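Because the structure is predicted, anything quoted here is derived from the model rather than measured. Just so we're on the same page: letters track the sequence lines, and every chain starts at 1.
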Amino acid sequence: MSKSRPHFSPERFNRELLRWFEGNARALPWRATNHWYPVFLSEILLQQTQVEQALPYYRKLIDRYPTVYDLAQADEQELLTLWAGLGYYARARHLLKAAGEIVARFHGQFPSDLKEALSLPGIGPYTAAAILSIAFGQPLPVVDGNVLRVVTRLFALRDDIRQTVTKNKVRGLLHEIIDDKAPGAFNEALMELGALVCTPQNPDCQSCPVAGFCLAKERGLTGEIPFKSPPRERRRAAHFVLVVRFRAKFLLVRRDRPGLLSGMWEFPVLETRRLIHSNQKIKQHVQALTGAAVSKLTFGPELQHIYSHIHLRYQPVLAELEQAPRTTLTDRKAVWCRAEEFERYAIHRAHHKVLEHEETAAWFSS
DNA sequence: ATCCCGTACG
DNA sequence: CGTACGGGAT
């Protein structure tokens, strides 16, 4: 390291970085202890999720499941309900499975061996390194989006941070630099620096504790580094979202797994090529679904929801039944419930917007 | 409209 | 190694 980069001294770098972290670390609830369980829970939540967004969910979850034993015994539907709105719902199911395995295979202790940690569902290279370094003091570098940004700028690397090889390269570099005495603090400090100072746009180099080491700053390249290849175009989709009502009760259905939003509850959906009102088709669909005729259709405003890989446009439609539905109540994938009961179901964000939108919210108030 | 953020699976 | 998988901030 120091031979090929004479300007760079890991010792001095770590000293500046860790001193900055001591004075600037945010007081996050999972930092109040060294126990692995809060670290584990928070790191799963922080996958693809920023701290501010994860915080309220962390509080709900740690409160409901204070130990790994509580989590291992959790009801999956209840966990998904607490998770609803956060996205990447596979995380919640993996979290539950992992807790079960930690109890069953590892006597309630998080495995301190990297291979064993990686064998747990939902634990990949980032999360394993985070937990093992922070809670067990192991010198394993974490490579998340923040770290990629900080390190590529530090060494002026123009590699595409979307690619796996780049992540491995950065991990290799950090392996030479990581502070063996305080690997957890080193990792957290690097991520905190990326989140608070070395930000994607307009990094605050003036207050950066390691600006003196930064080649991107020296060469005026913080605008071009990190380089990230353009994302693939989103597939476009269009749905009618069918709010089926009979006597103040609404039909909810649970999505099959695996697949998008699997295990989550939603209003029945009619996929369509274009959002053209075809009343006949919609009525037929609802009748096939419920075995009851539709007395009235009301069209709500067009809404949209952007996923990483899908651009969804959808239109809520209130379908009122003129006779009692035949849908069986014992079907575990369909339920008729009152609006006040929606909060008991894990309803994903796109359909939750229908409950919130001012034009459609009235459909649910009796 | 464009950016941010890790893991599973084939 | 490429693709599927959500939601929020700016």
Do the side-chain N and O atoms of [X] and [Y] include a donor-acceptor pair separated by under 3.5 angstrom?
X        : Y        : value
A/Thr127 : A/Gln47  : yes
A/Thr152 : A/Arg158 : no
A/Arg31  : A/Ser42  : no

5′-ward residue of the pair A/Ala84/A/Asn168 relative to DNA chain C: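 Taking each residue's closest nucleotide, the earlier one in sequence belongs to A/Asn168.
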
Given DNA chain C, 5'-ward residue of the pair A/Thr164 and A/Arg234, judged by closest heavy atom: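 Nearest nucleotide further toward 5': that of A/Thr164.
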
Tell me what [X] touches on the nucleic acid: a base, only sugar-phosphate, or nothing, going by heavy atoms under 4.0 Å.
X        : value
A/Arg149 : sugar-phosphate
A/Val165 : sugar-phosphate
A/Tyr126 : sugar-phosphate
A/Leu46  : sugar-phosphate

Between B/dG6 (C1') and A/Leu95 (CG): distance, integer Å: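 One finds 15 Å between C1' of B/dG6 and CG of A/Leu95, rounded.
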
Whole-Å gap separating P (C/dC5) and CE (A/Met264):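 After rounding, the gap between these two atoms is 14 Å.
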
Aromatic ring proximity A/Phe250/A/Phe342, centre distance under 6.0 Å: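 Yes: the rings meet the under 6.0 Å criterion.
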
